[in-house]
Amino acid sequence: MIHHDLKLYNTLTRQTEKFVPLHPNLVGMYVCGPTVYSNAHLGNARTFISFDVVFRYLQHLGYKVRYVRNITDAGHLESDADEGEDKISRKAKIEQLEPMEIVQRYTIDFHQMMASFNALPPSIEPTATGHIIEQIEMTKQIMANGFAYESNGTVYFDVEKFAKDNNYTALTGRNLDDLLNGTRELSGQDDKRGRLDFALWIKAKPEHIMKWPSPWGEGFPGWHLECSAMSRKYLGEQFDIHGGGMDLAPTHHTNEIAQNIACTHHKTPVTYWMHTNMLTVNGQKMSKSLGNSFLPHELFNGSHPLLDKGYSPMTVRFFMLQAHYRSTLDFSNEALQAAEKGFARLMNAMKLIEHLKVGVSSTSNVQVLRENIYAALDDDFNTPIALSHIFEATRIINSVNDGKESITHEDKELLKKTLYEIVYQVLGLKEENAVNTDKIDGLMNMILEVRNEAKTRKDFSTSDLIRDKLKEIGFDIKDGKEGSKYSLIN
RNA sequence: GGUAUUGUGGCCGAGAGGCUAGGCUCAGCUCUGCAAAAGCUGCUACAGCGGUUCGAAUCCGCUCAAUACCUCCA
């Protein structure tokens, strides 16, 4: 099935390139996961939903994908300075909890959120604390290769030395001298030789809770190291795709590449770097530090002050897929409401296709439609374009259903297969509020039958009463030529 | 301050030299006991000013505006 001409935008080359995996039919993909010191918000969710589609589509094309997404549970420094405090232990003090208790709580929270968005779990979800030995070993190797130095129990990566023979800023294309001469001051870190040097291993203060023994004393790993160590362990020294939010590229990913090269000498540890753009609120990046982030439950039940009402997880997933992953996406009531209706329209068509009557000819070219959908996804996972073609399909389905257009059996089956595979399998959308017990179905059909009898007697007050009462309970009734149908209201 | 990116109709959001994006909203029509749904039609936009071109939303220049990164963040 891998005959597709999949292309993806590579941050490293700033170009859209044909996707060629290092090993035929196998794909190694690493995505930087969340730091579990507080609730994951919708901005985080956007990135992981984007990569969920990448994961799903690659698999759909027939690749065997190993998708690794880490959990950062060892904490990061508040700043890159050695006097900074570990985020996780800081939160632990505030909440009077053990650090691992925080980690556990927010890891579960994160998993629940991703499950609600119908995101597939990654193949491997390694934790930083579970790979301390690997990180120490990697630090040792980088030191042995001469790219790191120890200073008072902390090990720093020597960026300037690395940059002599390597392109340190390859990912962002920044001018190294500009970075070195940046206006930001060194905040009294005398242990560091260069202002761009970053910690591989950090000496722990006595009161620090999360710490491990190492050749350099008690400490904890630096915040870029875990991804290098774990991607290397599970995907090898060179692998295909590395992803993450755009905000990680200049520092985190730049340093990750440096670490990998310094350790393994492979000039290109990763072939394709993919970065997702930010979710914005009123044009501003949604982030924890700006305090404008939405928590999933605030969105689902509408308790956030900026929202008029709640929106279901699938509405939100659909909303996100209506924008390309490399564009910013702005969050607003109006946009969400539009998504809610559009999604309902799509799901309605998905149900309708099952019962479509077939004819001797087709008024639409289903094959071309199918090719258009694949062409969109092959073009750097362009889900908005794919959806626009899918909506063309819903128009066809509705028209056939109305008897205004016709479709052959073969075309119907092809359309059904295409939509099921793309909408459910690749885009990961699913029907919500499905009524799936036989007893409710039987009961509803009985009620509708009684109502229909009233209608044929022209007893419209009774038929309207039944419809109104059912609506109060939460069932929507729609009368059509083929009889009445019911559906659950959100 | 440095470095990038972006600016599309009432809203969201694609496209990237000529060909309808799409969704939502609004108005009208068809269907219909009513309602809803659905279909059709209409509203036809590309920040501003110049330039290149037979032709520009799309390329180039300038201006304005916004955002991001440079500092933890997906």
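Per chain, numbering begins at 1; letters A, B, ... match sequence-line order. Quick caveat: nothing in here was measured; it's all calculated off a predicted structure.
When heavy atoms are screened at a 4.0 angstrom cut-off, A:R46 is found touching no nucleic acid atom at all. Within 4.0 Å (heavy atoms only), A:A338 reaches at least one base atom of the nucleic acid. A:G33 comes within 4.0 angstrom of sugar-phosphate atoms only, judged by non-hydrogen atoms across all strands, and of no base. Contacts of A:L279 with the nucleic acid, taken as non-hydrogen atoms under 4.0 Å apart, include base atoms. Contacts of A:L336 with the nucleic acid, taken as non-hydrogen atoms under 4.0 Å apart, are absent. Nucleic acid contact for A:P250: sugar-phosphate only, since backbone atoms but no base atoms lie under 4.0 Å from a heavy atom of the residue. Contacts of A:Q337 with the nucleic acid, taken as non-hydrogen atoms under 4.0 Å apart, are absent. Using a 4.0 Å heavy-atom distance criterion, A:R467 is classed as a base contact. Backbone-only contact: A:H324 has heavy atoms under 4.0 Å from sugar-phosphate atoms and none from a base. Across all strands, A:G43 comes closer than 4.0 Å to base atoms (heavy-atom distances).
Place A:F319 and A:G245 on RNA chain B by their nearest nucleotides, and A:F319 ends up nearer the 5' end.
Partner assigned to B:rU52 is none, using Watson-Crick or G-U wobble distances below 3.5 angstrom. Pairing partner, B:rC29: B:rG39, with both Watson-Crick or wobble hydrogen-bond distances short of 3.5 Å. Summarising the base pairing, B:rA14 is matched to no nucleotide, lacking a Watson-Crick or G-U wobble pair whose two defining distances lie under 3.5 Å. In this structure, B:rA47 and B:rU63 make a Watson-Crick or G-U wobble pair, each of the two defining distances being under 3.5 angstrom. With a 3.5 Å ceiling on both atom-pair distances, the Watson-Crick or G-U wobble partner of B:rU3 is B:rA68. Using N1 to N3 plus N6-O4 or O6-N4 for Watson-Crick, or N1-O2 and O6-N3 for G-U wobble, each under 3.5 Å, B:rU20 pairs with nothing.
Contacts between residues 395-405 of chain A and RNA chain B, defined by a heavy-atom separation under 4.0 Å, are made by A:R395, A:N398, A:S399, A:D402, A:K404.
Checking the phosphate oxygens (OP1, OP2) of B:rC12, no side-chain nitrogen or oxygen of A:N333 falls inside 4.0 Å. At least one side-chain nitrogen or oxygen of A:K341 sits closer than 4.0 Å to the OP1 or OP2 atom of B:rU25. Here A:K285 reaches the OP1 or OP2 of B:rC69: one of its side-chain N or O atoms lies under 4.0 Å away. Residue A:R326 places none of its side-chain N or O atoms closer than 4.0 Å to OP1 or OP2 of B:rU6. The side chain of A:S327 contributes an N or O atom lying less than 4.0 Å from OP1 or OP2 of B:rA14.
If you take atom C1' in B:rG23 and the same atom in B:rC62, they sit 36 Å apart, rounded to whole Å.
The only member of A:T11, A:N277, A:D380, A:T276 that meets side-chain hydrogen bond (donor to acceptor under 3.5 Å, both in side chains) when paired with A:R326 is A:D380.
Applying the side chain to side chain donor-acceptor pair (under 3.5 Å) definition to pairs two or more places apart or across chains, those involving residues 383-396 of chain A are A:E392-A:R395, A:R395-A:E405.
Residues that satisfy the ring pair (Phe, Tyr, Trp, His ring centres under 6.0 Å) test with A:H41, not counting sequence neighbours, are absent from this structure.
The aromatic ring of A:F460 stacks onto the base of B:rG33, its centre lying under 5.5 Å from the centre of the six-membered base ring with the two planes under 30° apart.
In terms of polar N and O atoms assigned as donor or acceptor, the side chain of A:D330 never comes within less than 3.5 Å of the base of B:rG13 in a complementary pairing.
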